[in-house]
2 protein chains.
Amino acid sequence: MQNSEAMGLSAALLAVAGELTQRINEGVVARGFEGLRPAHGFAFARLAPDGATVTDLAAHLGVTKQAASQLVDEIVRKGYAERRPHPQDARARLVVLTERGWACTRAAEEAAADAVRAWVALLGEREVRALRDQLVRIAPYGPLKPAW
Amino acid sequence: MQNSEAMGLSAALLAVAGELTQRINEGVVARGFEGLRPAHGFAFARLAPDGATVTDLAAHLGVTKQAASQLVDEIVRKGYAERRPHPQDARARLVVLTERGWACTRAAEEAAADAVRAWVALLGEREVRALRDQLVRIAPYGPLKPAW
DNA sequence: GGCAAATGGTCAAGCTACTTGACTACTGTT
DNA sequence: AACAGTAGTCAAGTAGCTTGACCATTTGCC
């Protein structure tokens, strides 16, 4: 595969990713959850299952724990999460989503589904499913750097 | 398609995009072009064909023209581009890549090709080509927001 | 042609999300 | 009991963006 083809693929991928991010964020805002930036979504994704510590979150986002702590301050202040004492470790605190945090997560899923529906309209369900499978297979396990 | 599937697709897409961005940037640095951030790559892509004005660049990047002007200052200072008088409009200035800027663009293409090769190793050339076609078809025309 | 409105670009100041550095509190190993 | 390592926060500095104001030039309109 030639360099120019690789560049075309890269450009398309980044353009689609940028637009998707924007659409999800707009969809979340449109559903009544304000004061959130895309980076918060990545944090919610890590908190969603069972909560996480600030240090976990920092590693997941690829930022310092000070930055992660500050981000947690923000979503706590806005009512999306709360800090609880950690059951095993008295130094640590477990950050968990509130009911409002869960509602916001569901809103993000709906917004993502809306965006994907637009792709289904263009490519068909079969192709979009293939797209998903391919992307899942090449997706890395590491931190989700929300910056470029 | 269910919301959770859409979320899985979205997460994979954003993860791949984040990793790709990072890899391209690292590849460019490894080839001897320092002091550049991913956002500069998006600027180079706009400047590459025939140059552009600061206002064009701002629209393309989705930022204010002050921010674009500042970014141009930076790449001019580092020798990747230069400002020329605009042939048709005495208010405007045409920003064009220097030879070093072109070399950097080629380095970015090589780095992108390296990243894509890793995907070919996982999925095979045929699947990667299909991936490219699908992404190109759903890629938007608008500004390339280098932020999420 | 002449003049108001629009446009390209820059200067200046302010904001915000991040960084590095220093510190306290607790853990766990020896 | 002592001590190195880890979780988290406080504080200060930084970098990239914003808004606001301004000048020079172009464009649209009578």
Side-chain angles (χ1 to χ4, degrees), chain A residues 18 21-22 25 29 34-44 46-47 50-78 80-96 143-148, chain B residues 18 21-22 25 29 34-44 46-47 50-78 80-96 143-148:
Chain A
T21 301
Q22 207 171 331
N25 204 52
V29 170
E34 296 185 18
L36 291 175
R37 285 170 289 118
H40 294 125
F42 293 92
F44 278 42
R46 181 69 185 78
L47 298 179
D50 303 299
T53 65
V54 164
T55 299
D56 285 342
L57 201 53
H60 184 249
L61 296 177
V63 298
T64 60
K65 47 187 189 165
Q66 291 91 325
S69 181
Q70 194 169 313
L71 191 146
V72 169
D73 280 344
E74 211 178 330
I75 62 179
V76 165
R77 181 160 34 82
K78 289 173 178 164
Y80 295 107
E82 57 185 20
R83 295 184 213 250
R84 296 190 177 178
H86 194 288
Q88 273 89 38
D89 189 337
R91 294 169 302 179
R93 318 179 71 177
L94 199 59
V95 182
V96 295
L144 264 186
K145 289 235 54 157
W148 63 34
Chain B
T21 302
Q22 207 171 331
N25 204 51
V29 170
E34 296 186 18
L36 291 175
R37 285 168 290 117
H40 294 125
F42 292 92
F44 279 42
R46 182 69 186 76
L47 298 178
D50 302 298
T53 65
V54 164
T55 299
D56 285 342
L57 202 52
H60 184 249
L61 296 177
V63 298
T64 60
K65 46 187 190 165
Q66 291 91 325
S69 181
Q70 195 170 312
L71 191 146
V72 169
D73 280 344
E74 210 178 330
I75 62 179
V76 165
R77 181 160 34 82
K78 290 174 178 164
Y80 296 107
E82 57 185 20
R83 294 184 214 250
R84 298 190 177 177
H86 193 287
Q88 272 88 37
D89 190 336
R91 294 169 303 178
R93 317 178 71 179
L94 199 60
V95 182
V96 295
L144 263 187
K145 289 234 55 155
W148 62 36

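Numbered from 1 within each chain, the chains take letters A, B, ... in sequence-line order.
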Could you go through A:Val95 and A:Glu82, starting from their C-alpha distance and side-chain angles, then the distance that decides it, and tell me whether this counts as side chain to side chain contact (heavy atoms under 4.5 Å, CB included)? CA-CA 6 Å; A:Val95 182; A:Glu82 57 185 20; over 6 Å; no
Interatomic distance, B:Leu47 atom CG to B:Tyr80 atom OH [nearest 0.5 angstrom]: 13.5 Å
Whole Å only: how far is the CD atom of A:Glu74 from the P atom of C:dC18? 9 Å
Which atom pair, heavy atoms only, marks the closest approach of B:Leu94 to B:Pro87? CD2-CD, 4.4 Å
Atom-pair distance (CG on B:Leu36; P on D:dA15), nearest Å: 16 Å
Provide, to the nearest angstrom, the distance between the CD1 atom belonging to B:Ile75 and the P atom belonging to D:dG16. 13 Å
Does B:Thr55 make a side-chain N or O approach to OP1 or OP2 of C:dG9 shorter than 4.0 Å? yes
Starting at atom NE2 of B:His60, determine the distance to atom P of C:dG8, rounded to an integer number of angstrom. 17 Å
Closest non-hydrogen atom pair between B:Ala68 and B:Val63, with its separation: N-CG2, 4.1 Å
OG1 of A:Thr53 to NE2 of A:His60: how many Å apart, nearest 0.5 Å? 12.5 Å
Drop me the distance from A:Leu57's CG to A:Leu71's CG, to the nearest 0.5 angstrom. 6.5 Å
For the pair B:Arg37 and B:Glu74, find out whether any cationic side-chain nitrogen is under 4.0 Å from an anionic carboxylate oxygen. yes
Expressed as a whole number of angstroms, how long is the span from A:Asp73:CG to D:dT9:P? 7 Å
Strand DNA chain D in bracket notation, Watson-Crick/G-U under 3.5 Å with | for pairs to another chain: ||||||||||||||||||||||||||||||
Taking for each residue the nucleotide of DNA chain C bearing the nearest heavy atom, is the 5' side occupied by B:Gln70 or by A:Gln66? B:Gln70
Mind checking if A:Thr64 touches a base, just sugar-phosphate, or nothing, with heavy atoms under 4.0 Å? base
Listed in order of residue number, which residues of residues 81-94 of chain A have a non-hydrogen atom at under 4.0 Å from DNA chain D? A:Arg83, A:Arg91, A:Ala92, A:Arg93
Which whole-number value in Å describes the distance from A:Leu71 CG to D:dT9 P? 12 Å
Rounded to the nearest 0.5 Å, what's the gap from OG1 on B:Thr55 to CZ on B:Arg91? Could you check? 9.0 Å
Give the rounded distance in Å between these two atoms: NZ of B:Lys65 and C1' of D:dG16. 19 Å
Backbone N or O of B:Val54 within a donor-acceptor pair of the B:Lys65 side chain at under 3.5 Å? no
When you get a sec, tell me which of D:dG8, C:dT10, C:dT19 is the closest nucleotide to the side chain of A:Val63? C:dT19
What nucleotide, of C:dG8, D:dG8, C:dC18, holds the atom closest to the side chain of B:Thr53? C:dG8
Find the distance A:Arg37:CZ to C:dA17:C1' and express it as a whole number of Å. 6 Å
